[in-house]
*Asks:* 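The structure under discussion is supplied below as structure tokens; questions concerning it will follow.
The figures here come from the full heavy-atom set of this structure, side chains too, leaving out hydrogens, waters and symmetry mates. Per chain, numbering begins at 1; letters A, B, ... match sequence-line order.
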Amino acid sequence: MAGKGRSARPEKTAAQLAAAASHLLDWYDRAGRQLPWRRHWPELAPPYLVFLSELMLQQTSVTAVIPYFQAFVRRWPTIEALADADQAEVLEAWAGLGYYARARNMHKAARLIVARHEGRFPEQPEQLCALPGIGPYTAGAIAAIAFDQPAPVIDGNIERVLARFYHLDTPLPALKKQLVTPYSRLLPDQRRSDFPQALMDLGALICTPARPDCAVCPLARDCSARQLADPSILPVKPAKKAKPTRQGRALVLLDGQGRAALIRRAGKGLLGGLPGFPSDGWDRSPPEPLDRILEGLEARILPAKVRHTFTHFHASMTLCLAEAGGADLPAGWFWAVPEETGLPSLMKKIWQASQTGQISD
DNA sequence: GAGGCGTGGAA
DNA sequence: TTTCCAAGCCT
């Protein structure tokens with residue numbers, strides 16, 4: 001039991017922790033970010049806006065999220081409106097943001113909240129955690145930010161800040177479970193809604209992964225990593241695996257009227273539920289019958305390949321271009337204008353390359 | 001616990 | 001060009 005994740009530093013006193021939290025909130029008032037889903041204490045952000053922003057912010061940067069957040073709020077201003085939408089239109093509005101299971105789960109959660117909770121968000125983290133797409137972090141974030149609950153909120157930023165502040169050297173990802181008590185000790189009685197947002201802003205702006213700016217950090221006085229030559233060694237990260245490259249091919253079949261043949265991908269897994277060009281070889285889904293289709297066409301093969309990187313592999317795609325001769329499309333294929341369809345990024349690159357002959361990536 | 005699951009911007 | 005991510009969740 002002993003030996004992993006010990007703090008080499010003495011316990012911090014209640015007075016030290018209270019002062020640190022106070023400095024943090026003062027800094028937040030001065031330097032915290034203005035974000036479209038945020039409100040000023042004592043006003044709390046509407047739960048629907050917190051829900052929407054938190055789902056979008058999972059593993060995704062603030063700058064990427066803001067335009068999507070604005071578009072979603074404009075198009076679906078309430079949880080009821082989102083619940084009434086079709087999954088396909090939600091997915092296409094999400095296209096480009098990535099991790100599409102978030103969109104599928106968010107839509108399911110919206111329907112559950114409307115059907116089972118009369119459109120009112122649960123306020124306790126345990127109830128929130130039961131909804132699809134909402135795990136320990138997001139449940140705590142909604143409970144704390146929208147309802148001022150004293151729930152633990154531990155994301156990657158807060159994990160990093162606390163690992164340094166308390167000098168905890170348990171390697172990721174095991175560290176996160178050990179941070180619940182340290183977080184709760186630092187959490188003040190007042191402004192429990194602002195506190196996690198302040199810690200996250202601190203992690204994003206000051207206590208950054210590579211170059212923490214300790215000189216201006218409001219937690220520096222009692223930070224246990226401050227005395228390290230290089231505080232950025234914390235938290236301890238696991239070694240990463242190399243990404244393989246998978247070869248694939250895609251068919252851009254045109255009808256001569258600006259439309260292309262598309263398919264809707266299977267509902268789960270990679271790019272699940274999204275539209276795309278018929279393709280094979282690069283994913284683990286059943287291959288489209290490309291050979292049979294290509295036999296009846298005079299397809300041109302583009303010399304350059306389209307490359308795209310996913311979380312755990314690189315895809316290198318060969319493009320086949322052809323004009324339809326009037327034959328029927330295979331079952332499940334349909335004609336659509338690619339520019340007017342919410343395509344994921346790989347498919348956008350394929351379309352772009354097919355039209356210009358230029359390979360951007 | 002480990003692996004699947006996107007994307008585009010920064011270093 | 002390659003690496004490293006950025007407010008995780010699900011299986």
*Asks:* For residues 133-143 of chain A, run the donor-acceptor check on the side chains, cut-off 3.5 Å, and write out each pair with its distance to 0.1 Å, sequence neighbours left out.
*Replies:*
from: A:Tyr137; atom 1: OH; to: A:Glu54; atom 2: OE1; distance (Å): 2.7
from: A:Thr138; atom 1: OG1; to: A:Gln58; atom 2: NE2; distance (Å): 2.9

*Asks:* Report each atom pair, protein N/O against N/O of nucleotides 1-4 of chain B, whose distance is under 3.5 angstrom.
*Replies:*
from: B:dG1; atom 1: OP2; to: A:Lys177; atom 2: NZ; distance (Å): 2.9

*Asks:* Taking only residues two or more places apart in sequence or in another chain, which ones pass side chain to side chain donor-acceptor pair (under 3.5 Å) with A:Thr245?
*Replies:* none

*Asks:* Going through the distances and angles, do A:Thr170 and A:Lys177 end up as a side chain to side chain donor-acceptor pair (under 3.5 Å)?
*Replies:* CA-CA 10 Å; A:Thr170 300; A:Lys177 292 190 297 291; over 6 Å; no

*Asks:* When you check the phosphate oxygens OP1 and OP2 of C:dT2, does a side-chain N or O of A:Lys243 lie under 4.0 Å from one of them?
*Replies:*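 Indeed not, no polar side-chain atom of A:Lys243 lies that close.
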
*Asks:* Any idea which of B:dT7, B:dG6, C:dG8 is nearest the A:Gln58 side chain?
*Replies:*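 Closest of the options to the side chain of A:Gln58: C:dG8.
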
*Asks:* Under a 4.5 Å side-chain heavy-atom rule over Ile, Leu, Val, Met, Phe, Trp and Tyr, are A:Val337 and A:Leu262 clustered together?
*Replies:* no

*Asks:* Let me check something: any side-chain donor-acceptor pairs from residues 229-238 of chain A under 3.5 Å, sequence neighbours excluded? List them with distances.
*Replies:*
from: A:Asp230; atom 1: OD1; to: A:Ser232; atom 2: N; distance (Å): 3.0
from: A:Asp230; atom 1: OD1; to: A:Ser232; atom 2: OG; distance (Å): 2.6
from: A:Asp230; atom 1: OD2; to: A:Ser232; atom 2: OG; distance (Å): 3.1
from: A:Lys237; atom 1: NZ; to: A:Pro235; atom 2: O; distance (Å): 3.4

*Asks:* Identify, residue by residue, the members of residues 46-55 of chain A with a heavy atom below 4.0 Å from DNA chain B, and return them in order of residue number, or none.
*Replies:*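 Nothing qualifies; none.
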
*Asks:* Going by heavy atoms closer than 4.0 Å, what residues in residues 93-106 of chain A are next to DNA chain B?
*Replies:* A:Gly96, A:Leu97, A:Gly98, A:Tyr99, A:Tyr100

*Asks:* Regarding A:Lys348, tell me which of base, sugar-phosphate or nothing describes its non-hydrogen contacts under 4.0 Å with the strands shown.
*Replies:*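 Since no nucleic acid heavy atom lies under 4.0 Å of A:Lys348, the category is nothing.
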
*Asks:* Identify, with sequence neighbours excluded, every residue that meets side chain to side chain donor-acceptor pair (under 3.5 Å) alongside A:Asp280.
*Replies:*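 Partners of A:Asp280 under the side chain to side chain donor-acceptor pair (under 3.5 Å) test: A:Arg249.
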
*Asks:* A:Phe51: which residues meet the ring pair (Phe, Tyr, Trp, His ring centres under 6.0 Å) condition with it, sequence neighbours left out?
*Replies:* A:Phe121

*Asks:* Output the residues of residues 22-36 of chain A in contact with DNA chain C, where contact means a heavy atom of the residue under 4.0 Å from an atom of the strand; sort by number or write none.
*Replies:* A:Arg33, A:Leu35

*Asks:* Which residues within residues 184-219 of chain A lie with some heavy atom under 4.0 Å of an atom in DNA chain C?
*Replies:*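 Only A:Met200, A:Pro209 qualify.
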
*Asks:* Apply side chain to side chain donor-acceptor pair (under 3.5 Å) to A:Asp29 and list each qualifying residue two or more places apart in sequence or on a separate chain.
*Replies:*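 Side chain to side chain donor-acceptor pair (under 3.5 Å) check on A:Asp29 returns A:Arg191.
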
*Asks:* Here's a test for you: under ring-ring contact (aromatic ring centres under 6.0 Å, His included), which of A:Phe69, A:Tyr48, A:Tyr68, A:Phe72 qualifies with A:Trp37?
*Replies:*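 Exactly one candidate clears the test, A:Phe69.
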
*Asks:* For A:Arg39, give me all partners under side chain to side chain donor-acceptor pair (under 3.5 Å), at least two apart in sequence or on another chain.
*Replies:*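 None.
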
*Asks:* Parallel, tilted or perpendicular, judged at 30° and 60°: which one describes the rings of A:Phe310 and A:Trp282?
*Replies:* parallel

*Asks:* With the side chain counted from C-beta on, respond yes when A:Arg33 and A:Leu205 share a heavy-atom pair under 4.5 Å apart, and no when they do not.
*Replies:*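 In contact.
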
